[in-house]
Protein chains: 2
Amino acid sequence: MAKIPGKPVRGSSSGRPIMVLFDVLGKRWTLRILWELHKGKAASFRDLQSKCDDVSPTLLNSRLKDLRALNLVVLDDEGYTLTREGVSLSRKLAPLDAWANEWAKSLDA
Amino acid sequence: MAKIPGKPVRGSSSGRPIMVLFDVLGKRWTLRILWELHKGKAASFRDLQSKCDDVSPTLLNSRLKDLRALNLVVLDDEGYTLTREGVSLSRKLAPLDAWANEWAKSLDA
DNA sequence: CTCCTTTGCTACACTATATGTAGCATATTT
DNA sequence: AAATATGCTACATATAGTGTAGCAAAGGAG
């Protein structure tokens, strides 16, 4: 069941876009799927599955449905790819990689 | 059970910092808690609960434990606050609000 | 001191979500 | 025709999240 901005979502009756986004990103594998698609261009269903540590097909399909409904991912001849919106979102997420590395260092110290 | 970068986490044996981050952000309420703390400075447990649509105390405590173990949140005299690392992470997340608004517009069109 | 309120938080029964394996139906390759 | 690869569903099991009640400790008021 996909959520569309403007409609209420889990834990927020407002339907504010940021809450809709948090709702979907707060589900397991969503961030990872976006991450893998961002790195590697188009991927088949099974490709994606193996990139995502062999996530179960049930859940992968469920997440892809969500992401397609939210216009972040599409399935075309090449396989699954990010839409324009999906690319722009993943660009916002990209800096988290460098951030996480610095963070990990600070945890060691 | 908190996860520390360098150790394997759900769905990733590598323990890469970004995967540890995705693991915790991919749990329900984590993004929301960071968001609310980012907006509103220190908050008591019960304050946070009401800001987060009355999330159950069980889960709120569980997430706060995770976030404290990962050095993103602390509890002091004032209540719960973001650490320096927590602030720097939430700054990376802040642009998502504007992004989500644009995204919502594009979905309407 | 006693009573009342607020704090962070736990217990527990219930529901929803995620996992893992098997395998189907269609399309393409050999 | 047989083999392979595709996206995906079924289903039983395990894990994660929810909601209500309430406890123990700390502080304030009388």
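Numbered from 1 within each chain, the chains take letters A, B, ... in sequence-line order.
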Choosing from [options], which nucleotide comes nearest the side chain of [X]?
X     : options               : answer
A:P57 : C:dT19, C:dC12, D:dT9 : D:dT9
A:K27 : C:dA18, C:dA11, D:dC8 : C:dA18
A:R28 : C:dG8, C:dA18, D:dT18 : C:dA18
A:L75 : C:dT19, D:dG7, D:dT18 : D:dG7
B:R46 : C:dT10, C:dA18, C:dT7 : C:dT7

Nearest heavy-atom neighbours spanning A:L96 and B:K92: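 Heavy-atom minimum between the residues: CD2-CB, 3.8 Å.
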
OP1 or OP2 of [N] versus the side-chain N and O atoms of [X]: is any pair under 4.0 Å?
X     : N      : result
A:R63 : C:dT19 : no
B:W29 : D:dT18 : yes
A:N61 : D:dG7  : no

Classify the ring geometry between A:W99 and A:W103 as parallel (under 30°), tilted (30 to 60°) or perpendicular (over 60°).
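Geometry flag for A:W103 against A:W99: parallel rings.
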
What class does the angle between the rings of A:Y80 and A:F45 fall in, given that below 30° is parallel, 30 to 60° is tilted and above 60° is perpendicular?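 Answer is tilted, since the angle falls between 30° and 60°.
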
Quickly work out the B:L59 CG to D:dG19 P distance and round it to whole Å.
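Rounded to whole Å, this separation is 10 Å.
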
Worksheet item: What does A:S62 touch in the nucleic acid at a heavy-atom separation under 4.0 angstrom: a base, only the sugar-phosphate, or nothing?
Response: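 Here A:S62 touches no strand at all.
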
Select base, sugar-phosphate, or nothing to describe what A:S44 touches, counting heavy atoms under 4.0 Å on all strands.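 Since only primed, P, OP1 and OP2 atoms lie under 4.0 Å of A:S44, the category is sugar-phosphate.
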
**Study point:** Residue mapping more 5' on DNA chain D - nearest nucleotide basis, B:D54 or A:T58
**Key:**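 Closer to the 5' end of DNA chain D: A:T58.
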
Practice task
Take B:S56 and A:R68, find for each the nucleotide of DNA chain D with the closest heavy atom, and name the residue whose nucleotide sits nearer the 5' end.
Solution key: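 The residue closer to the strand's 5' end, by nearest nucleotide, is A:R68.
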
Self-check item: A:K41 atom NZ: more than 12 heavy-atom contacts under 6.0 Å
Solution: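 Atom NZ in A:K41 is not packed in, count stays at 12 or less.
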
